[in-house]
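Residue indices begin at 1 and follow the sequence shown.
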Amino acid sequence: MLLIAANISGIAGLLSHAAGNNIPAAILTGGGAFAGTVGLLLAIAHYAGAK
């Protein structure tokens, strides 16, 4: 899960920087994408395992 979230956050940060944001804003965008992805994947894992 963390590897997927790290890849998505890296892509989000690069896209943010390519769109014209400065480096700190791109890092914050990547961090937000990381947190959102981890939360979504944990919710999916929780409900997929529940019976």
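Taking both residues in full, the closest heavy atoms of Ala45 and Met1 are given as CB-CE, 4.0 Å, listed atom of the first, atom of the second, then distance. Across all their heavy atoms, Ser16 and Ala26 have their closest contact at OG-CA, 3.7 Å. Looking at every heavy atom in both residues, Ser9 comes nearest to Gly30 through CB-O, 3.0 Å.
Taken from CG in Asn21 to CD1 in Ile27, the straight-line distance is 11.5 Å, to the nearest 0.5 Å.
Shown are Val38, Leu42, Thr37, Ile44; of these, the side-chain contact (heavy atoms from CB on, under 4.5 Å) with Leu40 is made only by Ile44.
Listed for the Thr29 side chain is a donor-acceptor partner under 3.5 Å among the backbone atoms of Ala25.
There is no path of hydrophobic side-chain contacts, each under 4.5 Å, that joins Leu15 to Ile8.
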